[in-house]
Amino acid sequence: MDIKAFLIDWIEVSNSYDTEKYLEKYLDDAVLDDSSVGQKFIGHKGIRDYYESYFIDYKTQIKLVKLNIKDNMTHMEVEFTGEFPEGQIGGMFKFTFKDKKIENVKAALI
């Protein structure tokens with residue numbers, strides 16, 4: 001699996017607001033843990049709620065700042081822009097993968 005290409009595509013899909021394509025990147029039972037909202041989103045239903053609330057509703061766009069890949073663990077620093085109070089803020093994601101999909105992701109604002 002080319003993790004860098006996968007994540008570049010994940011950013012493009014995230015920025016397109018296509019919920020179904022976004023969910024295709026995740027295992028059915030994936031977990032997204034976002035400490036900035038203090039909540040874990042489990043499975044496609046939970047991740048759909050997260051994506052629609054924090055990306056689509058706020059018109060959030062992601063810009064890649066830094067990407068570190070080590071084995072099956074990836075750390076990504078990003079810049080978020082959108083219609084939220086800050087207008088622009090840094091963030092990070094830590095991904096783990098299984099079967100060429102996202103198994104677990106930890107997200108936070110920085």
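If you read the sequence from its start, that first residue is 1, and numbering goes on from there.
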Q: With Glu52, which residues qualify under salt bridge (charged side-chain N to carboxylate O under 4.0 Å, His left out), at least two apart?
A: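 Expected list: Arg48.
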Q: Do any pairs count as a side chain to side chain donor-acceptor pair (under 3.5 Å) and have a residue in residues 53-65, sequence neighbours left out, and if so which ones?
A: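 For residues 53-65: Tyr17-Gln61.
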Q: Hydrophobic clusters here meaning ILVMFWY residues chained together by side-chain heavy-atom distances under 4.5 Å, can you tell me if Val37 and Phe55 are in one?
A: yes
Q: Run through the side-chain heavy atoms of Ile, Leu, Val, Met, Phe, Trp and Tyr, join any pair under 4.5 Å, and report what else lands in Ile42's cluster.
A: Val31
Q: Met92: which other cluster members, linking ILVMFWY side chains closer than 4.5 Å, directly or transitively?
A: Ile110
Q: Apply side chain to side chain contact (heavy atoms under 4.5 Å, CB included) to Ile11 and list each qualifying residue two or more places apart in sequence or on a separate chain.
A: Asn15, Ile62, Leu64, Met76
Q: Hey, any chance Ile8 and Val78 share a hydrophobic cluster, counting ILVMFWY side chains that come within less than 4.5 Å of each other, even indirectly?
A: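 Yes, it is one cluster - the side chains of Ile8 and Val78 are joined through contacts under 4.5 Å.
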Q: Which pairs count as side chain to side chain donor-acceptor pair (under 3.5 Å) when at least one residue sits in residues 22-42, sequence neighbours excluded?
A: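 Output for this query lists Asp9-Lys25, Trp10-Tyr26, Tyr22-Tyr26, Asp34-Ser36, Asp34-Tyr50.
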Q: Tell me, which pairs form a side chain to side chain donor-acceptor pair (under 3.5 Å) where one or both residues lie in residues 82-98, sequence neighbours left out?
A: Glu79-Gln88
Q: Taking side chain to side chain donor-acceptor pair (under 3.5 Å) as the cut-off, I'd like each qualifying pair that reaches into residues 99-108, sequence neighbours left out, listed once.
A: none
Q: When you look at Phe93 and Thr74, which way does the side-chain contact (heavy atoms from CB on, under 4.5 Å) test go after all the steps?
A: CA-CA 8 Å; Phe93 295 98; Thr74 302; over 6 Å; no
Q: Which atom names give the shortest non-hydrogen contact between Phe95 and Phe97, and what distance separates them?
A: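 For Phe95 and Phe97, the tightest heavy-atom pair comes out as CB-CZ, 3.5 Å.
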Q: For Asp18 and Glu20: C-alpha separation, side-chain torsions, deciding distance, then whether side-chain contact (heavy atoms from CB on, under 4.5 Å) applies.
A: CA-CA 6 Å; Asp18 185 331; Glu20 297 311 314; 3.9 Å; yes
Q: Spell out, yes or no, whether Met73 and Leu32 are grouped together once hydrophobic residues are joined by side-chain heavy atoms under 4.5 Å, including indirect joins.
A: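 Met73 does not cluster with Leu32.
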Q: Which pair of non-hydrogen atoms, one from Asp2 and one from Ala5, has the smallest distance, and what is that distance?
A: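 Minimum heavy-atom contact is OD1-N, 3.1 Å.
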Q: Looking at every heavy atom in both Ser16 and Tyr51, which two are closest together, and how far apart are they?
A: C-OH, 4.4 Å
Q: Do you reckon Val65 sits in the same ILVMFWY cluster as Ile69, going by side-chain contacts under 4.5 Å, direct or chained?
A: no
Q: Nearest heavy-atom pair of Phe41 and Gly46: which atoms, and what distance?
A: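 In this case the closest contact between Phe41 and Gly46 is CD2-O, 3.3 Å.
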Q: Which residues satisfy the side chain to side chain contact (heavy atoms under 4.5 Å, CB included) test with Asn68, sequence neighbours excluded?
A: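 With neighbours one apart ignored, the set is Lys66, His75.
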Q: Which residues pass the salt bridge (charged side-chain N to carboxylate O under 4.0 Å, His left out) test with Asp49, sequence neighbours left out?
A: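 By the salt bridge (charged side-chain N to carboxylate O under 4.0 Å, His left out) rule, Asp49 matches Lys45.
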Q: Does Phe6 share a hydrophobic cluster with Leu27, counting links as ILVMFWY side-chain heavy atoms below 4.5 Å and allowing steps through other members?
A: no
